[in-house]
Amino acid sequence: MPIQIFNSLTRQKEAFAPLDPAGKRVLFYACGPTVYGKFHIGNARTFVMTDVVRRWLVKRGHDVQFAMNITDVDDKIIRKANDEGVASEVIAARYTDYFLSMLERLGNMGGVIHPKATQHIPQMVTMIADLVARGHAYATPDGSVWFEVGSFRDYGKLSRMPLDEMKQGERVDAAQQQLKRSPLDFALWKGAKEGEPSWPSPWGNGRPGWHIECSSMSMEALHSQTIDIHSGGSDLRFPHHENEIAQSECATGKRFARYWMHMGMLDIEGMKMSKSLGNVKNIDEVMEFIDPLILRYFFMSAKYGDKIDYTESTIHQCQSAMERMITADQSARRILGTDSPTDWNSDEELQATWNEFAAGMDDDFNSPRALAAIAKSVTLLNTRIANENDKASIARATALLAELREALGISGELVRKNTGGLGDEEIESLIAQRTQAKKDRNFTLADQIRKDLLGKGVQLEDSRTGTIWKRV
RNA sequence: GGUACGGUACCCAAGUGGUUAAGGGAGAGGUCUGCAAAACCUCUAUUCAUCGGUUCGAAUCCGAUCCGUACCUCCA
């Protein structure tokens, strides 16, 4: 049973079959950020869910060529640079670094091809020239080049916007509108203005429009005029992706992307995130007090295409679920000691859980179903710990849980801040005192030590194999 | 106005024509424990916004109504 993908272009689930005749290699392009400022939790959701998709394709044996562009020339970057009185490259470089470190903290896989717009200007110019030559684009006296939407019969096939209706909502920019043949036409090349970065072109100095870079760089980075999967936030469906399709398919005469995937938006406490509401949450501020693992769990708790609501209550729920998962793993590993988790394939109960997980992920990357399967594997593991003395059985269940978590990128432990200034040795020493007190049946002292430690953020648990502790 | 999407238990959330409507969180009871914690077991939707219709059979399909949301303009 192949992976099913909900294709935004056809609005239905389709069996995924890559272009590669061998069915192995997958060309995957995701729209990346414009690097002009910090990123918010909604951005993070899109990038994490994209990583979840990529991980599963890899897990299913595909050789995934994954590219995510970085838009490093743009109006917003220029404005920010002017505000700070620095070159726009300074701004772009700063937030590119910031972006890459954010992805790492969020637990995304590395090995991403990150093409930058400023490093692909010649390729874009070539594509624009092709479009002009083919009669799909025209230059205007200001040195700009526009894509003529009316020249592409299929325009609107992705967003399904009837062209007549769209003209009414078009933003009015008097100077630009006068130059264009139709209000819908969009910029491929923007004639240079004073104080802006620019590059030479057959139409004079200027810089690329926003959409052209994705068309050009996806083909360049993935070495193909047709790519398998193209993803991005659902707000990019129109006009960005619609325009990408138009210019790409007109330039090459070939189908641009075969499967379109769109990530749903994130609300805050039921409200759309917006500057005017003042509820934009920067991802680094959020990660100050919410562990990235919990965030990933939260993002995956709804299907990638659906809207998700960030609320304190939901985050707490995700934290509890994540802690249960981690506690089970820790308990198991204490019992196993130096023994390693082992292959679980021969274990029917575990095999069935894996099958549920895989069935969920194969079904359009249904992460909530996958998380349900993980919860099942946690219960199985805990049950074996509680009722069995069979290390081999526990080792197999531990291995499965680890594999499932890795498949979603939620391995590892929660990062705890050090509290109360207590070092590990100090804590261990107090625990030893308490253990002795318990032997002496001095429960008053034992309970006092436990209470003191809890006050300093260290929680004790007496397990079968001794007292364990964790920072809370 | 146009184009879409959604309304499933206290909360989050699967399920989209057919055995008892996944799973998590929270809550209740029980087991274990010196006590806690953790863990395990049991329980918590005769019902899927409302009203009609199609069907042997619908949360799932069709129609209407109510509510909520997004996109149409930079946006993950």
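Keep in mind the model is a prediction, meaning the values are calculated, not measured. So you know, we letter chains A, B, ... as the sequences are listed, proteins then strands, and number each from 1.
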Nearest-Å distance once atom C1' is located in both B:A37 and B:A76 = 41 Å
query = Counting side-chain heavy atoms from CB outward, which of B:A76, B:C35, B:G25 is closest to A:Ser320?
reply = B:G25
key: Dot-bracket encoding of pairs in RNA chain B, which uses [ ] for pseudoknotted crossings and | for another strand, Watson-Crick or G-U under 3.5 angstrom   = ((((((((.[[[..)..(....]]].(((((.......))))).....[[[[[..)....]]]]])))))))....
inquiry  = Taking side chain to side chain donor-acceptor pair (under 3.5 Å) as the definition, give me every residue that meets it alongside A:Tyr310, ordered by chain and number, with sequence neighbours left out.
reply    = none
ask   = What nucleotide, of B:A76, B:C40, B:C72, holds the atom closest to the side chain of A:Leu236?
value = B:A76
request  = Quick one: label A:Met265 by what it contacts on the DNA or RNA (base, sugar-phosphate, nothing), any heavy atom closer than 4.0 Å.
outcome  = base
request  = Provide the full list of salt bridge (Lys or Arg N to Asp or Glu O under 4.0 Å) pairs with a residue in residues 398-413 of chain A, sequence neighbours left out, each pair given once.
outcome  = A:Arg55-A:Glu406, A:Lys59-A:Glu403
inquiry  = Classify A:Gly232 by what it touches in the nucleic acid, base, sugar-phosphate, or nothing, heavy-atom distance under 4.0 Å.
reply    = sugar-phosphate
note = Side-chain contact check for A:Ala302: nearest option of B:A13, B:C71, B:G23 is B:A13
key: Closest listed nucleotide, where the reference is the side chain of A:Tyr297 and the choices are B:C35, B:G24, B:A14   = B:G24
query = For A:Leu266, which contact category applies under a 4.0 Å heavy-atom criterion: base, sugar-phosphate, or nothing?
reply = base
query = Got a sec? Which of residues 67-77 of chain A come in under 4.0 Å of RNA chain B, heavy atoms?
reply = A:Lys76
message = Once you apply a heavy-atom cut-off of 4.0 Å, does A:Arg450 come out as touching a base, just sugar-phosphate, or nothing?
response = base
ask   = Starting at CG of A:Leu371 and ending at C1' of B:A14, how long is that distance when rounded to a whole Å?
value = 11 Å
query = Aromatic rings A:His211 and A:His240: how do their planes relate, parallel, tilted or perpendicular, breaks at 30° and 60°?
reply = tilted
message = In whole Å, measure the gap between the C1' atoms of B:A49 and B:C35 for me.
response = 48 Å
Geometric cation-pi criterion, A:Lys76 with A:Tyr36: 6.0 Å, 45° = yes
request  = Taking atom P in both B:G17 and B:U73, compute the distance separating them and give it to the nearest angstrom.
outcome  = 36 Å
query = Say you pick atom C1' in B:U31 and the same atom in B:C48; how far apart are they, in whole Å?
reply = 35 Å
ask   = Within the structure shown, what part of the strands sits under 4.0 Å from A:His40 by heavy-atom distance: base, sugar-phosphate, or nothing?
value = base
key: Quiz item: A:Asp306 side-chain donor-acceptor pair to B:C5 base, under 3.5 Å   = no
remark   = On RNA chain B, more 5' by nearest nucleotide between A:Lys470 and A:Arg434 is A:Arg434
task = Determine whether the side chains of A:Asp72 and A:Tyr95 contain a donor N or O and an acceptor N or O closer than 3.5 Å.
result = no
request  = Take atom P in B:U69 and the same atom in B:G27, then report the distance between them in whole Å.
outcome  = 31 Å
request  = Ignoring the backbone of A:Asp447, work out which of B:A76, B:C35, B:A14 is nearest its side chain.
outcome  = B:C35
query = Taking the six-membered ring for Trp, are A:Phe39 and A:Phe47 parallel (under 30°), tilted (30 to 60°) or perpendicular (over 60°)?
reply = perpendicular
query = To the nearest Å, how far apart are A:Asp329 CG and B:A39 P?
reply = 13 Å
query = With no hydrogens and no angle check, do the side chains of A:Glu104 and A:Asn108 hold a donor and an acceptor under 3.5 Å apart?
reply = no
inquiry  = Assuming nearest nucleotide by heavy-atom distance, tell me which of A:Lys438 and A:Glu461 is located more 5' along RNA chain B.
reply    = A:Lys438
query = Side chain of A:Arg11: nearest nucleotide among B:G24, B:C5, B:A14?
reply = B:C5
message = Using the P atom as the point on both nucleotides, what is the distance between B:U19 and B:A59, in whole Å?
response = 10 Å
message = Please report the distance, rounded to the nearest Å, between NE2 in A:His211 and C1' in B:C75.
response = 12 Å
Pairs involving residues 427-440 of chain A, ordered by first then second residue, that meet salt bridge (Lys or Arg N to Asp or Glu O under 4.0 Å) (sequence neighbours left out) = A:Arg434-A:Asp462, A:Lys438-A:Asp462
request  = Flag the pair A:His262 / A:Phe6 as yes when their ring centroid distance falls below 6.0 Å, and as no otherwise.
outcome  = no
ask   = With a 4.5 Å heavy-atom cut-off, do A:Met109 and A:Phe66 have their side chains touching?
value = no
note = Among B:G34, B:G15, B:A36, the one nearest any side-chain atom of A:Lys303 is B:G15
key: Spacing of the P atoms in B:G25 and B:A39 (rounded, Å)   = 8 Å
inquiry  = Is it the case that the side chain of A:Ser101 and the backbone of A:Tyr98 share a donor-acceptor pair, with hydrogens and angles ignored and the cut-off at 3.5 Å?
reply    = yes
task = For residues A:Trp56 and A:Phe357, establish whether the separation of their ring centroids is below 6.0 Å.
result = yes
inquiry  = Whole angstroms only, please: what is the NE2-C1' distance between A:His262 and B:C75?
reply    = 13 Å
query = In whole Å, what separates the P atom of B:U44 from that of B:U20?
reply = 16 Å
RNA chain B contacts among residues 373-384 of chain A, heavy-atom distance under 4.0 Å = A:Ala375, A:Thr379, A:Asn382, A:Thr383
remark   = salt bridge (charged side-chain N to carboxylate O under 4.0 Å, His left out) test vs A:Glu349 passes for just one of A:Lys376, A:Arg396, A:Arg384, namely A:Arg384
task = Select base, sugar-phosphate, or nothing to describe what A:Gly360 touches, counting heavy atoms under 4.0 Å on all strands.
result = nothing
